[in-house]
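What follows is a set of notes on a single structure, which appears directly below.
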Amino acid sequence: MRDLVVAITGASGSIYAVRLLEMLVAAGRTVHLTLSPAAVEVIDRELGLKLDLDHFDPQQLLPKDGELPDDSKLRALRPEPITVSHHSSVFSDSEVFSVQKGQLIYHHYRDYFAPIASGSFLTDGMVVCPCSGGTLAGLATGQSQNLIHRAADVHLKERRKLVLVPRETPLSSIALGNMKTLSDQGVVILPAMPGFYHNPKSMHDLIDFVVARICDQLGVRNELMERWGG
Ligand SMILES: Cc1cc2nc3c(=O)[nH]c(=O)nc-3n(C[C@H](O)[C@H](O)[C@H](O)COP(=O)(O)O)c2cc1C
């Protein structure tokens, strides 16, 4: 099992990224994490977490419930703790959100010396979640203006799994064109677009619907939602 790359950009839906990280950590995966400055603004607004990319500890994105104030936006949004027995024998229930040393590796968005900036660093894939229209455009046009663009470029050129989770509606022809361009290159366009056929009871079920689909793409076993046909 190789490492995974997760990039968080400035589209709405930062809770999807938090849930995804929880899931990957619970599954025992090593994750290289990078965030754009716009992601920090959205995370502050949506989750009430104040992050400083120059002094960032990934554990800040995965605080345990006990560390969150009762009125925390994150506490209200975050689905129930993952039942880890399905996913990994490595973690006990109480440890589910505690990151093992070296399991979540943070890279500054300007750090082109990070291993994920090179194709020689092998990974099992990368996901940009959520993916802003700006980053989508940057990737479709090969701009490589920050580490997120560069790492995605690397996954494209090495023909590795790249999953983008855009969140925008309605979509302009420009955004649709960018998605088509990337899809033609083998990129998985996985919009943050939960279904309703599994009779969701809460917002948590909707969040887990999207995260389950991302995990499926990355080959990470999960039982976050009941599968159609049992
Ligand atoms: C609160 C907030 C919500 C936003 N939501 C979205 C969104 O859902 N989709 C999107 O494409 N851009 C959204 N934006 C705009 C992006 O953050 C902006 O285009 C930014 O330049 C993207 O930069 P990045 O791709 O480097 O993260 C939002 C911005 C803010 C402040």
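When a ligand or atom number is given, it counts from 1 through the structure's own listing order. This one's a predicted model, so the numbers in the text were calculated from it and none came from an experiment.
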Contacts of type side-chain contact (heavy atoms from CB on, under 4.5 Å), residue S36, not counting sequence neighbours = T9, A38, A39, I148

Do other residues, nucleotides or ligands put more than 12 heavy atoms under 6.0 Å from the CG atom of L176?
-> yes

Who are the side-chain contact (heavy atoms from CB on, under 4.5 Å) partners of E226, not counting sequence neighbours?
-> none

Do other residues, nucleotides or ligands put more than 12 heavy atoms under 6.0 Å from K157 NZ?
-> yes

Taking only residues two or more places apart in sequence or in another chain, which ones pass side-chain contact (heavy atoms from CB on, under 4.5 Å) with V42?
-> S14, E46

Please say whether more than 12 non-hydrogen atoms of neighbouring residues, nucleotides or ligands are located less than 6.0 Å from CZ in R150.
-> yes

Chain-and-number sorted residues having a heavy-atom contact under 4.0 Å with ligand 1 are T9, G10, A11, S12, S36, A38, V42, R45, S132, G133, T135, R167, E168

